[in-house]
Amino acid sequence: MQASVTDVDLSPPPPRGSWRPWALALLAHALLALALSWGVTWQRDTPVVASAELWAALPQTAAPRLVAAAEPPDDPATAPRPQPPQPAP
């Protein structure tokens, strides 16, 4: 037997109770919110951090004394002239 166009029902099925999908979606979102809030709060405790500065008692040695270098005079006219070399006998 062949089906005719009038025998084939192409309309969508009648809507069933739509409370079940909504309830499952709300339950899934509630569980997700609980899991996220628990995941954030379990790491809220900050670890105790202690820092210390260690100072060693190093011996303090004095800096070496500065030796004043002989500075050439500013005026070349008053500067002593170098001695010419003596001829060898």
Side-chain angles (χ1 to χ4, degrees):
M1 171 176 217
Q2 289 192 350
S4 65
V5 176
T6 58
D7 292 337
V8 178
D9 186 17
L10 298 177
S11 63
R16 291 187 280 171
S18 62
W19 64 272
R20 257 187 236 159
W22 283 102
L24 287 175
L26 287 175
L27 177 66
H29 281 84
L31 290 175
L32 178 64
L34 285 174
L36 287 175
S37 66
W38 176 77
V40 169
T41 58
W42 75 276
Q43 290 185 351
R44 186 169 289 185
D45 297 334
T46 56
V48 177
V49 177
S51 64
E53 292 185 22
L54 301 177
W55 291 83
L58 297 176
Q60 297 291 331
T61 57
R65 294 184 186 221
L66 292 177
V67 177
E71 294 182 16
D74 293 334
D75 188 14
T78 59
R81 293 186 182 194
Q83 298 283 336
Q86 297 289 336

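Under the rule for a side-chain hydrogen bond (donor to acceptor under 3.5 Å, both in side chains), the partners of Ser11 that lie at least two apart in sequence or sit in another chain are Asp9.
The CG atom of Leu26 sits 11.0 Å away from the CG atom of Leu31 when rounded to the nearest 0.5 Å. Distance CH2/Trp19 to CG/Leu24: 8.5 Å, rounded to 0.5 Å.
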